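Worth saying up front: this structure is predicted, and the values here are computed from it rather than measured. All heavy atoms count here, side chains included; hydrogens, waters and symmetry mates do not. Every chain is numbered from 1 and lettered A, B, ... according to where its sequence line falls, protein lines coming before strand lines.
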2 protein chains.
Amino acid sequence: MTEKNYDVLKLENQLCFPLYACSRQIIRKYHKYLDALNLTYTQYIAMMVFWEVKTINVKELGKRLYLDSGTLTPLLKALEEKGYVRRQRSKEDERVLLVEITEAGEALKEQAVSIPAKMNGCMNLTPEEAMTLYHLLYKALS
Amino acid sequence: MTEKNYDVLKLENQLCFPLYACSRQIIRKYHKYLDALNLTYTQYIAMMVFWEVKTINVKELGKRLYLDSGTLTPLLKALEEKGYVRRQRSKEDERVLLVEITEAGEALKEQAVSIPAKMNGCMNLTPEEAMTLYHLLYKALS
DNA sequence: TATAATTAAATTGTACTCAATCGAATTGAG
DNA sequence: CTCAATTCGATTGAGTACAATTTAATTATA
């Protein structure tokens, strides 16, 4: 009779844990740059979508960000409050809420464009390692 | 005069985003297994520490989990509520709160031990890829 | 030995996350 | 057409996260 092996329950043997800790660490680092734009991290990645597509509905935005309406509804209301987006129901289908970027939202892009460079190198990874990490994460996300 | 390049602001060019999305995805998958143990994900990784060390103070626990007292205080109260840990001030230094696993907390380990195997393969990565990811994440966490 | 500095938790306030549920609009099968 | 199923989004409730502040205890120093 051998002892049961509990090593699988050690924190150091989890893949999820460094993933979780690393994600929180990087978001924390974004904070100080995003404060200047009056954006939270989640609002920032939502704005990235708006800077690209100008208009999108909640469902589609959720698909891109892997977030549901429970998170997005208050987030989009906050962005509207700040004047960065406009929310209005679709004429074709009243269930659909179209969210559109405003002039102020577009203008924000100018301030945001310097952030990625500032964040670069904050991760202690070589460019090759960062690339490997990127591809592994997207593979895991599929 | 060349146009300014906004590609750095595209979601697909961020490393932080798949990290964030992947972290949330995996925690979501843990949920259904952890519900049976009446634990949230954060409580689960805290319990992993208790299963290893039996007793630890808030400060040390925070260092291991990369979490601060603002997160841990309510979490530990919840675990105490469920009967999995006991909280008491240190006799040597009244500022220090010692948190100790209970019998019920120990017993939980038996149910938890099957979870890692169930979670295995949920990530769509080969064992080698998972290992690479693990090391890159810990390097980034340093 | 007062008191200043430091330390450990707790508290406060703001902002996510997400499962579950709800209500309104739309669609589809009979 | 009509009612059931589906879809979209909003809402609710529990649980994080974390910066900033507070309180209590301990330690160091003048």
Output the residues of residues 49-61 of chain B in contact with DNA chain C, where contact means a heavy atom of the residue under 4.0 Å from an atom of the strand; sort by number or write none. B/N57, B/V58, B/K59

Measure CZ/A/R28 against P/C/dC16 and give the value in whole Å, please. 16 Å

Mind calculating the distance between CD1 (A/I45) and C1' (C/dC16) to the nearest angstrom? 11 Å

Distance check needed: D/dG9 C1' versus A/D93 CG, whole Å only. 11 Å

Once the angle between the rings of B/W51 and B/Y44 is folded into 0 to 90°, is it parallel (under 30°), tilted (30 to 60°) or perpendicular (over 60°)? perpendicular

Rounded to whole Å, how long is the line connecting atom CG of B/L75 with atom P of D/dT16? 5 Å

Can a side chain N or O of A/R95 be found less than 4.0 Å away from OP1 or OP2 on D/dG9? no

So, the side chain of A/S69 versus the backbone of A/L72: is there a donor-acceptor pair under 3.5 Å, distance only? no

Whole-Å distance between C/dC16 P and A/D68 CG? 14 Å

Closest-nucleotide 5' rank along DNA chain C - winner of A/Q43 and A/S69: A/Q43

Is it the case that atom CD in A/E110 sees more than 12 heavy atoms from other parts of the structure closer than 6.0 Å? yes

Quickly work out the A/L97 CG to D/dT7 C1' distance and round it to whole Å. 14 Å

Phosphate OP1/OP2 of C/dT11: any B/K77 side-chain N/O under 4.0 Å: yes

Between C/dA15, D/dT11, C/dT17, which nucleotide has the shortest distance from any of its atoms to the side chain of A/T73? D/dT11

Whole angstrom is fine here: how far is it from CD in B/E94 over to P in C/dT6? 23 Å

Grab the OH-C1' distance between B/Y30 and C/dC18 for me, whole Å please. 18 Å

Rounded to the nearest 0.5 Å, how far does CD of A/Q25 lie from NZ of A/K29? 4.0 Å

Any base atoms under 4.0 Å from B/T40, or only sugar-phosphate, or nothing? Heavy atoms, all strands. sugar-phosphate

Would you say B/R87 reaches C/dA10's phosphate, i.e. side-chain N/O to OP1/OP2 under 4.0 Å? yes

How many angstroms lie between OG1 in A/T40 and CG in A/L79, if you round to the nearest 0.5 Å? 7.5 Å

Assign the ring pair A/Y41 / B/Y20 to parallel, tilted or perpendicular, where the plane angle (0 to 90°) is split at 30° and 60°. perpendicular

For a quick test of your reading: what N or O donor-acceptor pairs under 3.5 Å do the side chains of residues 135-142 of chain A make, sequence neighbours left out?
{"unit_1": "A/K139", "atom_1": "NZ", "unit_2": "B/E129", "atom_2": "OE1", "d": "2.7"}
{"unit_1": "A/K139", "atom_1": "NZ", "unit_2": "B/E129", "atom_2": "OE2", "d": "3.2"}
{"unit_1": "A/S142", "atom_1": "OG", "unit_2": "A/K139", "atom_2": "O", "d": "2.7"}
{"unit_1": "A/S142", "atom_1": "OG", "unit_2": "B/N124", "atom_2": "ND2", "d": "2.8"}

With sugar-phosphate meaning primed atoms plus P, OP1 and OP2, does A/I27 contact a base, only sugar-phosphate, or nothing at under 4.0 Å between heavy atoms? nothing

For B/T42 and D/dG15, is the shortest distance between a side-chain N/O and OP1 or OP2 below 4.0 Å? no

Basic-acidic side-chain contact under 4.0 Å: A/R86, A/E100: yes

Please state whether the phosphate of C/dA10, meaning OP1 or OP2, lies under 4.0 angstrom from any side-chain nitrogen or oxygen of B/R89. yes

Judged by nearest nucleotide, the residue sitting upstream toward the 5' end of DNA chain D, B/K82 or A/L98, is A/L98

